[in-house]
Protein chains: 2
Amino acid sequence: MTESSAISWQSIRDEVLRRIRAREWRPGQLIPHEADLATEFGCARTTVNRALREVADSGMIERRRRAGTRVALHPVRRATLEIPVLRVEIERRGQAYGFTLLSRAAELPPPGICARMGSAPDRPLLHLTGLHTADGQPHALEDRWIATDAIPAAAQADFTTISPNEWLVLNVPFEGGDLTFSAHAASEGEARALRCAPGEALFVTERSTFQAGRSLTSVRLVFAPGHRVHTRL
Amino acid sequence: MTESSAISWQSIRDEVLRRIRAREWRPGQLIPHEADLATEFGCARTTVNRALREVADSGMIERRRRAGTRVALHPVRRATLEIPVLRVEIERRGQAYGFTLLSRAAELPPPGICARMGSAPDRPLLHLTGLHTADGQPHALEDRWIATDAIPAAAQADFTTISPNEWLVLNVPFEGGDLTFSAHAASEGEARALRCAPGEALFVTERSTFQAGRSLTSVRLVFAPGHRVHTRL
DNA sequence: CTCCTATTTATGTATGCACATAATAGCCAA
DNA sequence: TTGGCTATTATGTGCATACATAAATAGGAG
């Protein structure tokens, strides 16, 4: 008899998910601990641990030392969004990418930017605006603020040949940030730049990044009409 | 001397990320294999493997058996989006959640839905519309199609006490799906339901899920003005 | 009864080893 | 040259073991 076939962590993960969905383990309920599951499945605890770690990453269970593992009360779905550099996103669709720098100046930030970046209102930041194009058509309008004291090199960078978007990704590591999606009616200026009607519904992303507690940059991208962000679950 | 302190996989992950960002390992370049790194860091290959697996999950490196590990050409950022059930999202903000079923009927799906769900145009699906409210204010308009042959139980479900959103999350497991975000100008009907002006810019999510190759449901959520989706990087 | 401490316990991680698997590279034959 | 077989090699995974760490609990001092 082939007594050798080991249990894979994937099969344990699947069985755990099955039990949760079949309500054998109900939301909020404590599930058996790793050692017991290892015995039940006839494998090492390491393997159970690996499986449960994956399930925990997906948000279906919550684990705490000593307290044990319980089924999450509210099954929160988690989706991974891929956020490529705009140039790559456009070129992947087989279109020609272009970027035009529209303005560049050291300016005092408006209150909204101050709040988001935690910056002093009397301290000038580098303010850039530009247009990303795909096959010559307007794709997205970029409005960016850069903390020059945190990124001195940005003052020298030439943003006419490389977009600030890409320059920052290539040159400035960051430890975290946040990202917001929303919808917004095109202003007069946005409509002109994106060649659409004023008031048209546009997709907007706002992102800011920080490093070592310092805010680095804050950017708002207003996309041309019809833009969609897509992801798999 | 304390010769005991082991190297943690986190510290290896951080060092790997540092080298990538410092351009010691350039995009597209092959990095040393696990055994070498294990020797360099003075730890077990398992530990290096764990670290590299994490980095690979974040999208910074690509790994293939036998071929080795290389730094990703285009540093694609990955963000994890949390997609809670609407009720939970609203209640977490301390607001009172409500749902009103607006319509329920077995209908022939329009071409768009047929395409997304891979459903036959002559096969009726369960079509539901309803309004999610927060503190009595319109929050999102739901327009859902359910494949009743894949989910027979949906035909009996009472969607006036529990929203289809939540009923499906609780009762129907799925293996995958996709999710799209976009902006959309409010139609007459949407404006009436959401109590906003027609043409106003609204945030829209479209989601469809499948299981075992069969499409289960397709839903379109149109949010009231001002809605934002937020995530951390 | 309250507060603090020590113990217990479940998860988290590191290690050495073995073997599985995918994919390249090299070889040989037609 | 071409086709296909084989050996090689880097990653992927499983296991037994050991110890680390967080956190709940029990026990003891006041």
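First the proteins, then the strands, lettered A, B, ... as listed; each starts at 1. Hydrogens, waters and symmetry mates play no part in the numbers below; they use all other heavy atoms, side chains included.
- Remark: aromatic rings of A/Phe203 and B/Phe181 are distant, center separation not under 6.0 Å.
- Put simply, B/Thr69 has a side-chain N or O that comes within less than 4.0 Å of OP1 or OP2 on D/dT11.
- Put simply, CZ on B/Arg70 is 13 Å from P on D/dA10, counting in whole angstrom units.
- Listed in residue order, the members of residues 9-44 of chain B having a heavy atom less than 4.0 Å from DNA chain D are B/His33, B/Glu34.
- Contact annotation: A/Arg45 side-chain N/O to C/dT11 OP1/OP2 distance is not under 4.0 Å.
- For the pair A/Glu54 CD and D/dG12 C1', the computed distance is 13 Å after rounding to whole Å.
- Remark: P of C/dA23 and CD of B/Glu62 are 14 Å apart, rounded to the nearest angstrom.
- Checking the phosphate oxygens (OP1, OP2) of D/dT11, no side-chain nitrogen or oxygen of B/Asn49 falls inside 4.0 Å.
- Of the candidates C/dT11, D/dA16, C/dG16, D/dA16 carries the atom nearest the A/Thr46 side chain, counting heavy atoms from C-beta on.
- Under a 4.0 Å N-O distance rule, the pair B/Glu89/B/Arg92 does not qualify as a salt bridge.
- If B/Gly68 and A/Arg50 are placed on DNA chain D by their nearest nucleotide, the residue sitting closer to the 5' end is B/Gly68.
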Give each protein N/O atom lying under 3.5 Å from an N/O atom of nucleotides 22-27 of chain D, with the pair distance.
| from | atom 1 | to | atom 2 | distance (Å) |
| --- | --- | --- | --- | --- |
| D/dA24 | OP1 | A/Arg64 | NH2 | 2.2 |

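- The pair B/Glu206-B/Arg116 meets the salt-bridge criterion, since a charged nitrogen lies less than 4.0 angstrom from a carboxylate oxygen.
- A/Arg144 and A/Thr217 share a side-chain donor-acceptor pair at under 3.5 Å.
- Using a 30° and 60° split on the angle between ring planes, B/Phe223 and B/His139 fall in the perpendicular class, above 60°.
- When the C1' atom of D/dT11 is taken as reference, atom CG of B/Leu52 falls 10 Å away, rounded to whole Å.
- A/Glu34 and A/Arg63 are joined by a salt bridge, as a carboxylate oxygen and a charged side-chain nitrogen come within less than 4.0 angstrom of each other.
- Judged by distance alone, with hydrogens and angles left aside, the side-chain atoms of B/Ser163 form no donor-acceptor pair with the main-chain N or O of B/Phe159 at under 3.5 Å.
- Of the charged side-chain nitrogens involved, at least one lies within less than 4.0 Å of a carboxylate oxygen, so that B/Arg19 and B/Glu40 count as a salt-bridged pair.
- If you take CZ of A/Arg53 and P of D/dG12, they are 14 Å apart, rounded to a whole angstrom.
- Ion pairing of A/Asp149 with A/Arg214 is absent here, as no side-chain N (NZ or NE/NH1/NH2) approaches a carboxylate O to less than 4.0 Å.
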